[in-house]
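Below you'll find the structure, written out as structure tokens, and then a few comments.
Residue numbers start at 1 and run along the sequence shown.
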Amino acid sequence: MAAMGIGRRALLRAGVAAALAPHSGLSVARAQQPEASRNAGHYRFRIGDIRATVVSDGTLSGNPRIYASSAPPDDLGKALGDAFLPLDRFTLNLNTLLLETGGRRILIEAGAAQTMGPNGGRLFANLSAIGVRPEDIDAIVITHTHPDHVGNLRGADGGAAFPRAAVHVPEDDWTFFIRNEPDLSRLPMPEDFRRAFIANIKQSLAPVAKSVVLYTPGSEVLPGVTTIAAGGHTPGMSAILVHSGREQLLITSDAAYSPLLNIDHPWRPGPDLDPEAATRTRKRLFDRAATDRIPVLGFHFPFPGIGNIRITDGGYRWVAAGWRFEG
Ligand SMILES: [Zn+2]
């Protein structure tokens with residue numbers, strides 16, 4: 001019981017830290033919870049001949065309005081209440097995907113580290129739990145350069161955290177965020193958050209600046225990994241189709257943050273830089289997934305984030321995949 005008490009106090013401290021954190025990640029202590037007390041942070045499945053593993057980097061959270069900015073307040077409150085969720089805080093997962101194929105290990109997304117609060121940065125422990133070291137990763141495909149997708153690229157010493165990995169980044173995001181000073185004034189964030197957000201992007205990508213592989217979505221960047229233009233959330237965002245034989249998986253990146261808020265309800269994520277383009281992208285990806293019955297992985301969906309999208313009379317419906325024990 002004593003151990004439980006300590007665990008509870010640690011959890012409470014972490015909760016208070018999360019509530020007080022400016023979400024810049026610059027001054028936030030890491031959430032302290034022994035790895036052994038956590039549930040599994042990985043989920044294995046197959047896509048044809050490809051061995052796939054969702055590897056969690058943890059979570060981030062914020063006011064639900066950020067993720068459903070076009071929702072009428074009463075409707076949002078009802079949707080959250082009906083889903084037995086708190087009204088003041090919404091949690092997003094950080095589902096990176098490890099692909100093992102042709103003797104290579106490819107990571108889709110690098111995860112957040114602590115750039116978006118104290119509960120990210122679990123990727124390395126969760127990779128270690130399945131016997132994968134950072135130097136075992138051959139390539140990383142980034143869908144867009146928001147901090148929660150690139151944060152782990154920078155190691156504690158300021159160097160590249162994945163020393164052997166070729167890091168693939170959409171060129172339009174590199175141009176917008178790295179070559180220039182991005183104008184994010186239309187996003188619903190306070191000025192200090194916006195400054196930290198931009199600084200986190202630049203700092204996270206700095207260690208790979210010399211070796212980065214820039215891509216324009218619309219081609220097979222690695223065997224079985226095809227990028228699909230999905231701009232709107234950021235200028236260069238790419239969705240990813242993983243394919244092997246007849247099997248496919250569509251990674252929708254941040255076209256949707258949440259099945260509840262952005263699929264079952266048609267609400268727009270506030271951080272979409274170009275809302276009209278993002279809405280067109282969302283519809284195109286959802287229609288393709290539904291029509292071709294392609295399983296979907298959402299980076300921010302409840303772990304492990306896999307399911308299907310169905311077209312309904314008025315919109316779409318998320319159907320979460322059941323847990324499978326064979327990996
Ligand atoms: Zn994201």
Side-chain angles (χ1 to χ4, degrees), residues 57 60 66-67 69 92-97 106-112 115-116 139-153 167-180 182-184 186-189 194 197-198 200-202 204-205 208 212-222 225-242 249-259 261-263 267-289 294 296-301 305 309:
D57 188 46
L60 62 86
I66 297 169
Y67 314 118
S69 62
L92 302 186
N93 276 261
L94 302 164
N95 301 321
T96 74
L97 182 68
I106 301 163
L107 203 53
I108 312 291
E109 313 286 27
T115 60
M116 301 287 282
I140 303 174
V141 183
I142 302 294
T143 65
H144 68 293
T145 61
H146 277 173
D148 48 317
H149 298 251
V150 299
N152 283 319
L153 291 175
V167 179
H168 299 251
V169 172
E171 177 150 26
D172 285 354
D173 269 21
W174 191 268
T175 300
F176 184 76
F177 287 103
I178 304 300
R179 291 185 178 132
N180 296 297
D183 177 5
L184 301 182
R186 75 148 297 280
L187 300 189
M189 313 166 167
R194 211 177 298 143
F197 189 84
I198 293 167
N200 275 324
I201 293 172
K202 291 182 184 289
S204 300
L205 286 164
V208 302
V212 70
V213 182
L214 299 178
Y215 71 86
T216 300
S219 67
E220 192 169 4
V221 287
L222 293 162
V225 180
T226 295
T227 56
I228 300 167
H233 184 65
T234 66
M237 194 174 89
S238 172
I240 291 177
L241 189 71
V242 182
L249 177 75
L250 181 65
I251 298 168
T252 50
S253 183
D254 285 13
Y257 280 127
S258 148
L261 303 179
N262 314 125
I263 299 177
W267 299 326
R268 288 174 168 177
D272 286 350
L273 191 66
D274 179 341
E276 278 70 40
T279 298
R280 288 194 299 273
T281 287
R282 220 164 1 259
K283 179 170 174 13
R284 193 159 38 80
L285 293 175
F286 290 1
D287 285 347
R288 181 170 178 180
I294 306 173
V296 165
L297 169 65
F299 181 70
H300 290 299
F301 295 180
I309 294 173

Handout entry: Whether Thr227 side chain and Gly218 backbone form a donor-acceptor pair below 3.5 Å
Key = yes
Practice task
Check Gly111 against Phe299 and note the closest heavy-atom contact, atom names and distance.
Solution key: CA-CZ, 4.4 Å
Practice task
For the pair Met116 and Leu92, evaluate side chain to side chain contact (heavy atoms under 4.5 Å, CB included) and give the outcome as yes or no after the intermediate values.
Solution key: CA-CA 11 Å; Met116 301 287 282; Leu92 302 186; over 6 Å; no
Problem - Least distance between heavy atoms, Phe286 atom then Ala256 atom - result: CZ-CB, 3.9 Å
Handout entry: Close side-chain approach of Trp174 and Val212, heavy atoms under 4.5 Å
Key = yes
Exercise for the section: Please confirm whether the backbone N or O of Thr145 pairs with a side-chain atom of Asp173, one donor and one acceptor, at under 3.5 Å? Expected result: yes
Fill in the blank from the handout: So CD1 of Ile228 and CG of Leu285: to nearest 0.5 Å the spacing works out to 6.5 Å
Exercise for the section: Could you grab the distance from atom OH of Tyr257 to atom CG of Asp148, nearest 0.5 Å is fine? Expected result: 6.5 Å
Practice task
Run through Thr252, Asn93, Asp254 and flag the one making a side-chain hydrogen bond (donor to acceptor under 3.5 Å, both in side chains) with His300.
Solution key: Asp254
Problem - Main-chain N/O of Gly298 paired to Asn95 side chain as donor or acceptor, under 3.5 Å - result: yes
Problem - Beyond-backbone contact of Lys202 with Phe177, side-chain heavy atoms, under 4.5 angstrom - result: no
Problem - Close side-chain approach of Ile201 and Phe197, heavy atoms under 4.5 Å - result: yes
Exercise for the section: Verify, without hydrogens or angle tests, whether Asn180 (side chain) and Thr175 (backbone) share a donor-acceptor contact under 3.5 angstrom. Expected result: yes
Fill in the blank from the handout: Closest non-hydrogen contact found for Ser69 with Pro269 is OG-C, 3.8 Å
Problem - Rounded distance [0.5 Å steps], CD1 in Ile294 versus CG in Leu250 - result: 5.5 Å
Exercise for the section: Identify the heavy atoms of Pro271 and Pro188 that sit nearest to each other, and give their distance. Expected result: N-CD, 4.3 Å
Exercise for the section: Dump the intermediate steps for side chain to side chain contact (heavy atoms under 4.5 Å, CB included) on Arg268 and Arg282, then the final yes or no. Expected result: CA-CA 10 Å; Arg268 288 174 168 177; Arg282 220 164 1 259; 3.8 Å; yes
Handout entry: Distance-minimising heavy-atom pair for Phe301 and Pro259
Key = CD2-CD, 3.5 Å
Problem - His233-Asp272 side chain donor-acceptor pair, cut-off 3.5 Å - result: yes
Practice task
Determine yes or no for a side-chain-to-main-chain donor-acceptor pair under 3.5 angstrom, with Thr96 supplying the side chain and Glu109 the backbone.
Solution key: no
Completion exercise
To the nearest 0.5 Å, atom CD1 of Ile240 lies from atom CD1 of Ile108 at 4.5 Å
Exercise for the section: Hey, could you give me the CD1/CG distance between Ile251 and Leu97, rounded to the nearest 0.5 Å? Expected result: 5.0 Å
Problem - Interatomic spacing from CD1 in Ile142 to OG in Ser238 - rounded to 0.5 Å - result: 11.5 Å
Handout entry: Minimum heavy-atom distance Pro217-Gly236, with the two atoms named
Key = CG-O, 4.0 Å
Exercise for the section: Find out whether Val213 and Val221 are in side-chain contact, i.e. whether some heavy atom of one side chain is under 4.5 Å from a heavy atom of the other. Expected result: no
Practice task
Look at the side chain of Asn262 and the backbone N and O of Tyr67, then say whether any donor-acceptor pair between them is shorter than 3.5 Å.
Solution key: yes
Practice task
Mark yes or no for whether Ser258, through its side chain, and Leu261, through its backbone, hold a donor-acceptor pair below 3.5 Å.
Solution key: yes
Handout entry: Option passing side-chain contact (heavy atoms from CB on, under 4.5 Å) with Ile140 (candidates Leu153, Ile106, Val150)
Key = Leu153
Practice task
Give me the ring orientation class for His149 and His144: parallel if the planes are under 30° apart, tilted from 30 to 60°, perpendicular past 60°.
Solution key: tilted
Practice task
Please check if the side chain of Thr143 supplies one atom and the backbone of Ala239 the other of a donor-acceptor pair under 3.5 Å.
Solution key: no
Practice task
If the plane angle is over 60° it's perpendicular, under 30° parallel, otherwise tilted; pick one for Tyr215 and His168.
Solution key: tilted
